[in-house]
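Step one of this worksheet: look at the structure below.
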Amino acid sequence: MFDATQQFKAAIAAAGLTPPDDLIADGRIHRFSTNGKPRDESGWYVLHLDGVAAASFGDWRTGIEQNWRADIGRKLTAGEEMANLRRMEEAKRLRDAEREKTRAVAADTVGEIWAQAVAASPDHPYLARKGVQAHGARATGDGRLVVPLFNADGELRSLQYIAHDGGKLYHPGGQTGACFWQ
């Protein structure tokens, strides 16, 4: 049988994610690249090796979210099951708090960027190629289009940046799910 860390890495890989090379088992959220790209940190995990090894992991970009428990070769006692459940609930609480903190910081940042952006030129190469008007889109100092993403309450939560060649990126850490611009 594999040791707990090997089992955990295998579970991450089975979920279709690239597991991190090194694991930290301190019960705190750790970010990692889920696709092998060094600057991508949409993956997260919380690992406990005390007692029966258990963890939560996922990918904020794709919405993958899983709980994991090591195979110890026997059924857990009722006490072990309850302790595991408490740890997983605490891990979820920490993960949700971390995500909200990151989104709040991003929302403040994108608000400043949006306020400083200028009206997009109707002859921007991307707009011209698509044959559409700017419809309120703005542009950054380096010429990228900036499109805002609002939540249902009308709060600016993130931005999408569109390069001249059509390459698109969302602002890191900003909320994109359930957000829109019309």
Side-chain angles (χ1 to χ4, degrees), residues 9-24 28-46 55-68 91-92 94-182:
K9 285 183 178 184
I12 293 172
L17 306 175
T18 301
D21 293 329
D22 300 312
L23 296 171
I24 302 169
R28 299 178 57 137
I29 293 175
H30 296 280
R31 310 272 309 255
F32 68 99
S33 172
T34 59
N35 58 16
K37 295 180 181 175
R39 292 180 43 182
D40 172 68
E41 288 192 335
S42 66
W44 56 267
Y45 72 90
V46 177
S56 289
F57 69 91
D59 182 352
W60 281 315
R61 180 180 40 254
T62 62
I64 292 173
E65 194 170 307
Q66 291 186 17
N67 291 332
W68 168 86
K92 181 176 180 354
L94 288 171
R95 182 177 67 249
D96 291 347
E98 173 74 17
R99 180 173 33 202
E100 284 310 308
K101 180 180 169 187
T102 300
R103 286 180 172 176
V105 169
D108 289 342
T109 304
V110 299
E112 292 176 21
I113 294 169
W114 182 248
Q116 294 174 7
V118 298
S121 170
D123 62 348
H124 184 280
Y126 178 79
L127 297 174
R129 190 170 50 258
K130 293 292 186 178
V132 297
Q133 298 298 311
H135 297 292
R138 296 183 183 175
T140 61
D142 64 3
R144 290 176 295 159
L145 286 178
V146 182
V147 178
L149 293 169
F150 296 96
N151 66 13
D153 295 327
E155 300 166 324
L156 179 60
R157 302 302 293 166
S158 192
L159 297 173
Q160 183 180 45
Y161 306 99
I162 305 173
H164 292 283
D165 66 1
K168 298 175 184 174
L169 294 173
Y170 289 107
H171 190 85
Q175 178 184 351
T176 56
C179 290
F180 60 92
W181 180 53
Q182 58 184 23

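Note that the coordinates shown come from a computational prediction; the quantities given were computed from them, not determined experimentally.
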Partners passing side chain to side chain donor-acceptor pair (under 3.5 Å) against T62 (at least two apart in sequence or in another chain): D59

Side-chain contact, heavy-atom cut-off 4.5 Å: L17 with F57? yes

Calculate, to the nearest 0.5 Å, the distance between atoms CD1 and CD belonging to I29 and E98 respectively. 5.0 Å

Heavy-atom closest pair (V146 atom, W114 atom, distance to 0.1 Å) is O-CZ3, 3.4 Å

State, without any angle test, whether K9 and Y45 hold a side-chain donor-acceptor pair at a distance under 3.5 Å. no

Evaluate the ring planes of H164 and H124, with Trp represented by its six-membered ring, and classify them as parallel (under 30°), tilted (30 to 60°) or perpendicular (over 60°). parallel

For the atom pair CZ (R103) and CD (Q175), what is the distance rounded to the nearest 0.5 Å? 4.5 Å

Salt bridge (charged side-chain N to carboxylate O under 4.0 Å, His left out) contacts in which one or both residues fall within residues 129-152, not counting sequence neighbours: D142-R144

Can you name the closest pair of heavy atoms from T18 and F32 and give their distance? O-CE1, 3.2 Å

Just verifying a value: how many Å separate E155 CD and L149 CG, rounded to the nearest 0.5 Å? 13.5 Å

What pair of heavy atoms forms the shortest contact from T34 to S42, and how long is it? OG1-OG, 3.4 Å

Evaluate side chain to side chain contact (heavy atoms under 4.5 Å, CB included) for E41 paired with W60, printing each intermediate quantity in order. CA-CA 9 Å; E41 288 192 335; W60 281 315; over 6 Å; no

Taking the side chain as every heavy atom from C-beta outward, state whether L159 and Y170 have any atom pair closer than 4.5 Å. no

Please indicate whether D108 has more than 12 foreign heavy atoms, meaning atoms of other residues, nucleotides or ligands, lying under 6.0 Å from its CG. yes

Minimum heavy-atom distance I12-P20, with the two atoms named: CD1-CD, 4.1 Å

Kindly give the heavy-atom pair with the smallest separation between A107 and R157, and that separation in Å. CB-NH1, 3.7 Å

Would you give the length of the straight line joining atom CZ of R61 to atom CG of N35, rounded to the nearest 0.5 angstrom? 5.0 Å

Search all heavy atoms of I113 against all heavy atoms of Y161 and return the closest pair with its distance. CD1-OH, 3.4 Å

